[in-house]
Amino acid sequence: MSQKPSFYITTAISYPNGVPHMGHAYEAIATDCIARFKRLDGYDVRFLTGTDEHGIKMLQTAQKAGLTPRELVARNTPRFEAMVEAFDLSNDDFIHTTEERHARSSQAIWNRMAANGDIYKSTYAGWYSVRDEAYYAEDETTLNDQSVRVGPQGTPVEWVEEESYFFRLSAYQDRLLAYYRDNPGFIMPEARRNEVVSFVSGGLQDLSISRTTFDWGIPVPGDDKHIMYVWVDALTNYITALGYPDTDGELFRRFWPADVHVIGKDIIRFHAVYWPAFLWSAGLEAPKRVFGHGFLFNRGEKMSKSVGNVVDPFDLAQTYGVDAIRYFFLREVSFGHDGSYSHEAIVNRMNADLANDLGNLAQRSLSMVAKNLDGVVPQPGPLSPEDEAMLALADGMLEKAREAMENQAVHLYLNAVWAVVAEANRYFAAQAPWALRKTDPARMATVLWVTGEVVRQVAILAQPVMPQSAARLLDLVAVPPDARSFAALGAAGRLPAGQALPPPVGVFPRYVEPEAGA
RNA sequence: GGCAGCGUAGCUCAGUUGGUGAGAGCGCCGGAUUCAUAACCCGGAGGUCGGCGGUUCAAGUCCGCCCGCUGCUACCA
């Protein structure tokens, strides 16, 4: 039994009716970074991602492709698993909603909600457009000039009544509002919380939670004519992966309620309104936080197939490198806001922050150690005020990083770390160890030691964003594997004098444009 | 329409409860330097802080109006 505090974090499950795009990868990268950060900070972390494989869209996409839904799943889901691999995600589990464990879990939560009196059978009635395959509210429809009722798209609608099970969502309005009030950090960022509070305050209607018009889903227990509404199915994945309905199991007891569900801002409502209500109905606790991140835009434009600017995440990783891409999106985009990216922006970031600032700092200091000190970490002499100030800044990174990460402000954590990198370059230039080489070798040694120590700490703190590159950097300063957690930051883990270092090599290459027309 | 938020240097944005001369990064220009991945370091360039009016000894920072932009306004996910 671990004595560490637990931390359960999830991404939304991806809908694999197409191939992964950069938005999927972005969410996964950000969540991975948070998960890695917490692990290094001493938490027992459980990180879940996966795919949401049921629903009418899967069925329709499959039919268009002449496949069964199961065949479509078999074709597309591996691409999402490959993405997880390609972007170095450290997830502990990958759930597919078509797995048997998930059917069992979903039916169990359904039964619990039903036993609690929150599910009842009625008819779902509304204006349905066959062409749009969608229901519309009365006030979304209009009578056209031929007195035919049409939907917002101008397509004819007809009154349809379908038998359906309903969830008594209306009964949870007060409890939800109280929960939002008592847990101001439940919905983040704040702008999203305001929207949800405003929405729930406007009153909640019961929710139709079953369908009879198609069968690609999990059957309703005891009534095979119905399958579960996709969101009951999808949301439940978060507890399926902890072994639900075995609430006495090790995983469930340790990790539920979840600490953070990282999701796109478009599905906030399902997570911040329906999900807590479902859980309460089933006698379970609501998650502690739902964080809605923003969307990514390619040169300011929404990615869309018709515009032809959909970017393949695998291509990006191939072109710039996995770590550079991870760093770019997490540093450049304020987490929770929309972001924009372009070739120029990516190159600029990776060259400026990685190659010029951090990579060059390591290279210029370590190469002096190699050339002038036989590649051995020097013994520092008395520390000057400048040395002390530099070390104090490095030692202060963890606190700032933690503070930022408490609120999933990933970009602020990186800002804090790179501010120290910038200061280290200023320190190095001001101390000019290359000039001290002849005038005061002992002083040069001290400057190089201080700089190496800063590199060590920065590298430890860079691991959540760039696991591979940070590891190589740590190799260069000969930090053993068991001294790479945040516990080794600060005075606790100073670079040991006398330690032999490997020959320095560049870790962050500059991106150079391929020769035009070559 | 209603509710919420935003509009600060070329670009992306910081700017606590109103108060020394309005900031950062990138881009740009100039300088210095050569330890280093033509990188780093120093300096500069001077933006009506969306517009108008008001409160105040004092407003980017509060109030009102206007202009522009964005999000939410339930069962497609």
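Throughout, a chain's letter reflects where its sequence line sits, starting with A, and its residues are numbered from 1.
Of the two residues near RNA chain B, A:Glu195 and A:Pro509, the one whose nearest nucleotide lies more 5' is A:Pro509. Nearest-nucleotide assignment on RNA chain B puts the 5′-proximal partner with A:Asn194, out of A:Asn194 and A:His337.
Between the C1' atoms of B:rG18 and B:rG27, the separation comes to 34 Å (whole Å). When the P atom is compared between B:rA45 and B:rG30, the two are found 15 Å apart, to the nearest whole Å. Across the C1' atoms, B:rU34 and B:rA9 are found 33 Å apart, a figure rounded to whole Å. B:rG15 and B:rC62 are spaced 13 Å apart, taking the P atom of each and rounding to whole Å. Between the P atoms of B:rG25 and B:rC69, the separation comes to 33 Å (whole Å). Remark: the separation of the C1' atoms in B:rC13 and B:rG7 is 12 Å, to the nearest Å. Comparing the same atom, P, in B:rC35 and in B:rG47 gives a spacing of 39 Å after rounding to whole Å. Comparing the same atom, C1', in B:rG60 and in B:rU16 gives a spacing of 14 Å after rounding to whole Å.
The CZ-P distance, from A:Phe270 to B:rA77, rounds to 7 Å in whole Å. If you take CD1 of A:Ile268 and P of B:rA74, they are 17 Å apart, rounded to a whole angstrom. In this structure, A:Ile267 atom CD1 and B:rC72 atom C1' are separated by 16 Å, rounded to whole Å. Nucleotide B:rG5 holds its C1' atom 20 Å from the CZ atom of A:Phe199, rounded to whole Å. Straight-line distance from the CZ atom of A:Phe278 to the P atom of B:rC75: 15 Å, rounded to whole Å. Taking atom OH on A:Tyr274 and atom P on B:rC75, their separation rounds to 8 Å, with Å as the unit. For the pair A:Gln431 CD and B:rA36 P, the computed distance is 18 Å after rounding to whole Å. Between the NZ atom of A:Lys265 and the P atom of B:rU70 there is a distance of 12 Å, rounded to whole Å.
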Practice problem: Mind running side chain to side chain donor-acceptor pair (under 3.5 Å) on A:His293 and A:Gln408 for me, showing each step along the way? | Solution: CA-CA 10 Å; A:His293 67 251; A:Gln408 290 75 49; over 6 Å; no
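In RNA chain B, runs of at least 3 consecutive Watson-Crick or G-U pairs, each pair with both distances below 3.5 Å, span B:1-7 with B:67-73, B:10-13 with B:23-26, B:28-31 with B:41-44, B:50-54 with B:62-66.
With respect to the salt-bridge test (charged N to carboxylate O, under 4.0 angstrom), the residues A:Arg181 and A:Asp174 do not qualify. A salt bridge links A:Arg426 and A:Glu423; the closest N-O separation between the charged side-chain nitrogens and carboxylate oxygens is under 4.0 Å.
Two residues are said to be in side-chain contact when any heavy atoms from C-beta on lie closer than 4.5 Å; A:Asn407 and A:Arg289 meet this criterion. Taking the side chain as every heavy atom from C-beta outward, A:Ser210 and A:Trp110 approach each other to under 4.5 Å. Side-chain contact between A:Tyr26 and A:Phe335: present, with at least one pair of heavy atoms (C-beta onward) separated by less than 4.5 Å. Looking at A:Gln468 and A:Arg472, their side chains never come closer than 4.5 Å, going by heavy atoms from C-beta outward.
Across all strands shown, A:Ala191 has no heavy atoms under 4.0 Å from either base or sugar-phosphate atoms. Base contact: A:Leu204 has a heavy atom under 4.0 Å from a base atom. Residue contacts shown for A:Val507 include a base, since a base heavy atom lies under 4.0 Å away. Note on A:Gly292: nothing from the nucleic acid sits closer than 4.0 angstrom, heavy atoms only. Within 4.0 Å of A:Gly55, counting heavy atoms only, lies no atom of the nucleic acid at all.
Of the candidates A:Asp323, A:Asp353, A:Asp357, A:Arg331 forms a salt bridge (Lys or Arg N to Asp or Glu O under 4.0 Å) with just one, namely A:Asp353.
Other residues, nucleotides and ligands place more than 12 heavy atoms under 6.0 Å from the CD atom of A:Glu161. By the 6.0 Å contact criterion, CD on A:Glu399 is open, its count of non-hydrogen atoms from other residues, nucleotides or ligands being 12 or less.
Centroid-to-centroid, the aromatic rings of A:Tyr274 and A:Trp231 stay 6.0 Å apart or farther.
Minimum atom distance to the side chain of A:Phe508 is reached by B:rU37, of the listed B:rU37, B:rG71, B:rC75. Comparing B:rC40, B:rA77, B:rC76 against the side chain of A:Asp266 picks out B:rA77 as the nearest.
No donor-acceptor contact under 3.5 Å links the side chain of A:Asn356 to the base of B:rA39.
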Exercise. Treat primed atoms plus P, OP1 and OP2 as sugar-phosphate and everything else as base, then score nucleotides 25-35 of chain B 5' to 3': B for base contact with protein heavy atoms under 4.0 Å, S for sugar-phosphate contact only, - for none.
Key: -SS------SB
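Residue A:Arg510 places at least one side-chain N or O closer than 4.0 Å to OP1 or OP2 of B:rA39.
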